[in-house]
Amino acid sequence: MSAILDKQTNRIIIALILGIIIALAFCYFAIGLGYNQIKDVAITEYSVQLFGFSIYDIKEINGKVSGSANNNNMMFIGIILSIILVTITELIFSKKSNKKASD
């Protein structure tokens, strides 16, 4: 199977998957902090923001806390982080290959 895909394609796929996983972790912790915020501060509504995007809205109605996800913004954050990670990875490997070529 590895003969089908070259090393650069594998690096890009891995970086994309890692970017999505990192975005997932950021959203998970931000939403958890949002639930803590609504319980600790005793507010009835809270919008969880990550990098300026609203990713989750939490409301307390009749003592019951519930939330709704803003999937579009979470997906956008995942895409942006994946693109950044792919760019950084490819820049690092490009510099390494240029250094080897000049030696």
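All values reported here derive from a predicted model rather than from experimental measurement.
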Rounded to the nearest 0.5 Å, how far does CZ of R11 lie from CG of L85? 12.5 Å
Following the transitive rule for hydrophobic clusters with a side-chain heavy-atom cut-off under 4.5 Å over Ile, Leu, Val, Met, Phe, Trp and Tyr, establish whether L91 and F93 coincide in one cluster. no
Specify the closest pair of heavy atoms between F53 and I77, including all atoms of both residues, with the distance to one decimal. CD1-CG1, 4.0 Å
Drop me the distance from M74's CE to L50's CG, to the nearest 0.5 angstrom. 10.0 Å
Considering only distance and modelled atom types, tabulate donor-acceptor pairs under 3.5 Å from the side chains of residues 12-31, sequence neighbours left out.
none

Residue list, side chain to side chain contact (heavy atoms under 4.5 Å, CB included) with I92, at least two apart or on another chain: I88, K96
A quick test of your reading: do over 12 heavy atoms of other residues, nucleotides or ligands sit less than 6.0 Å from CZ of F76? no
Table please: side-chain donor-acceptor pairs of residues 57-71 below 3.5 Å, with sequence neighbours left out.
| residue | atom | partner | partner atom | Å |
| --- | --- | --- | --- | --- |
| D57 | OD1 | S47 | OG | 3.1 |
| N70 | ND2 | S54 | O | 3.2 |

Let me check something: do L33 and I55 share a hydrophobic cluster, defined by ILVMFWY side-chain heavy atoms less than 4.5 Å apart, either directly or through other members? no
Taking I80 as the starting point, is it possible to reach F51 by hopping between hydrophobic residues whose side chains are less than 4.5 Å apart? yes
